[in-house]
*Asks:* 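Handing you a structure now.
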Amino acid sequence: MEEAGRRLGHIFASVSSVLCAGSTTLDVDAWIEDKLLKYDLVSKSKGYKGLYHHVSCISVNDVVVHGIPSKAFILRDGDLVKIDVCASWKGYCADMARAFFVGQGEGASEGKRLVEVAYSALDKGISKALAGNHLSDISAAIQEEVEAASFGVVRDFAGHGIGKQMHEEPEVLNFGKPGRGPILRPGMALALEPMITMGSYKIKIMPDGWTAKTADGSLAAHVEDTIVITEAEPKVITRYNL
Ligand code: MF3
Ligand code: CO
């Protein structure tokens, strides 16, 4: 899993090179598919439930998660783009998502703040991923960080256990009271993925039955890391940097 995370981290380190105004989200997905092949990684989303046909989810602006790459979706300067990729190396998975702004500008400052809080919420969650803690200590830490910034925490999707499968038990909610759920033990692997909004946390599913947007049209951010619980600090396996 660490090796899967390391390789995925490499790909994310250069993905911004294809996030240009005028590119389509399908172009970006094709670029990622090529990289996965080069890095000997197998997509866990392509063929998912026999329904999904892409190696990434690319969710722009008010799309929270599960944006479907499309040749009709043309990126524009300032767009807030969340890219989510899960892939395995020799059968072991890593799941990762990052948020980017298209172009030189970093988007409206409010969008920038939203993304900063998504990352800080992820970090707060990771900081609670300690052996002996309860699972929901992670959830509560994420919610607290997001709501302290007056942003919304999406309730309809969650992080998850991960291993040979992309989605394993337990579900890792991004909200809730601390001190609940299973005790964390060394060796457990989790994908933590706060999904946050600038307005209401309510979402709506598009007619495609897949894409999740904010109900009120507000901007959304989503970031994700795969971590492993250890005897000491959690190991974040999707943050390899060159
Ligand atoms: N990678 C996503 C996650 O973070 C799930 C992908 S959904 C799929 O859990 F439809 F693309 F497979
Ligand atoms: Co995930």
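Each ligand, and each atom within it, is numbered from 1 in the order the structure gives.
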*Asks:* Give the atom name of whichever N/O/S atom in His160 sits closest to the Co ion (ligand 2).
*Replies:*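 Of all N, O or S atoms belonging to His160, NE2 is the one nearest the Co ion (ligand 2).
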*Asks:* Within a 6.0 Å radius of atom CD on Glu144, are there more than 12 heavy atoms belonging to other residues, nucleotides or ligands?
*Replies:*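 Count not over threshold, so no.
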*Asks:* If you count the non-hydrogen atoms of other residues, nucleotides and ligands that lie under 6.0 Å from OH in Tyr39, is the total more than 12?
*Replies:*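 Atom OH in Tyr39 is crowded, with more than 12 foreign heavy atoms closer than 6.0 Å.
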*Asks:* So is His54 close enough to ligand 1, meaning a heavy atom under 4.0 angstrom away?
*Replies:*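 No.
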*Asks:* Could you tell me if Glu193 and His222 have a donor-acceptor pair between their side chains, going purely by distance under 3.5 Å?
*Replies:*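 Side chains of His222 and Glu193: pair found under 3.5 Å.
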*Asks:* Within ligand 1, which atoms have a heavy atom of Met166 less than 4.0 Å away?
*Replies:*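 Going through ligand 1 atom by atom, the ones under 4.0 Å from Met166 are 1 (N), 5 (C), 12 (F).
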*Asks:* Starting from atom 3 (C) of ligand 1, locate the nearest protein heavy atom and write down its residue, its atom name and how far away it is, to 0.1 Å.
*Replies:*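 Answer, as residue, atom name and distance: Asp95 OD2, 3.2 Å.
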*Asks:* Does the residue Trp210 have a heavy-atom contact with ligand 1, meaning some pair of atoms that are separated by less than 4.0 Å?
*Replies:*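 Trp210: in contact with ligand 1 (<4.0 Å).
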*Asks:* Can you tell me how far CG of Leu80 sits from CG of Leu114, rounded to the nearest 0.5 angstrom?
*Replies:*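 Rounded to the nearest 0.5 Å, the CG-CG separation comes out at 7.0 Å.
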*Asks:* Counting heavy atoms only, which part of Glu193 comes closer than 4.0 Å to ligand 1: side chain, backbone, both or neither?
*Replies:*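 Only the side chain of Glu193 comes within reach of ligand 1.
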*Asks:* Nearest 0.5 Å, please: how far is OG in Ser139 from CD in Glu171?
*Replies:*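 Here the interatomic distance stands at 9.5 Å.
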*Asks:* As a test of reading the structure, name the N/O/S atom of Glu193 that is nearest the Co ion (ligand 2).
*Replies:*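 For Glu193, the N, O or S atom at the smallest distance from the Co ion (ligand 2) is OE2.
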*Asks:* At under 4.0 Å between heavy atoms, which part of Lys44 makes contact with ligand 1: side chain, backbone, both or neither?
*Replies:*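 Neither part.
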*Asks:* Indicate yes or no: does Asp216 engage Lys202 in a salt bridge with an N to O separation below 4.0 Å.
*Replies:*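 Salt bridge between Asp216 and Lys202, a charged N being under 4.0 Å from a carboxylate O: no.
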*Asks:* What does the angle at the Co ion (ligand 2) come to, between atom OE2 of Glu224 and atom OD2 of Asp95, rounded to 10°?
*Replies:*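 That angle is 90°.
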*Asks:* Just need the protein heavy atom nearest to atom 2 (C) of ligand 1, so name the residue and atom and give the distance.
*Replies:*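 Protein heavy atom at minimum distance: Asp84 OD2, 3.1 Å.
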*Asks:* So does Glu3 pair up with Arg7, basic N to acidic O under 4.0 Å?
*Replies:*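 Here Glu3 pairs with Arg7 in a salt bridge, since their nearest N and O are under 4.0 Å apart.
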*Asks:* Which ligand 1 atoms are under 4.0 Å away from a heavy-atom of Ser45?
*Replies:*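 The list of qualifying atoms is 8 (C), 11 (F), 12 (F).
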*Asks:* Considering only non-hydrogen protein atoms, determine which one is nearest to atom 4 (O) of ligand 1 and report residue, atom name and distance to 0.1 Å.
*Replies:*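 Going by distance alone, atom 4 (O) of ligand 1 is nearest to Glu224 OE1, 2.8 Å.
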*Asks:* Under 4.0 Å, heavy-atom basis, I'd like to know which part of Cys57 is in contact with ligand 1: side chain, backbone, both or neither.
*Replies:*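 The part of Cys57 near ligand 1 is the side chain, not the backbone.
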*Asks:* Name the closest protein heavy atom to atom 9 (O) of ligand 1, giving the residue it belongs to and the distance to 0.1 Å.
*Replies:*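 For atom 9 (O) of ligand 1, the nearest protein heavy atom comes out as His167 NE2, 2.7 Å.
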*Asks:* Specify side chain, backbone, both or neither for Lys49, according to which of its non-hydrogen atoms lie closer than 4.0 Å to ligand 1.
*Replies:*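 Under 4.0 Å from ligand 1, Lys49 contributes no heavy atoms.
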*Asks:* Among Thr25, Ile32, Val28, Ile68, find the one that has a side chain to side chain contact (heavy atoms under 4.5 Å, CB included) with His54.
*Replies:*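 For His54, the side chain to side chain contact (heavy atoms under 4.5 Å, CB included) check succeeds only for Ile68.
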*Asks:* Regarding Lys213 and Asp208, does a basic nitrogen lie under 4.0 Å from an acidic carboxylate oxygen?
*Replies:*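 Looking at Lys213 and Asp208, the cut-off is not met.
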*Asks:* Indicate yes or no: does Glu224 engage Arg98 in a salt bridge with an N to O separation below 4.0 Å.
*Replies:*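 Looking at Glu224 and Arg98, the cut-off is not met.
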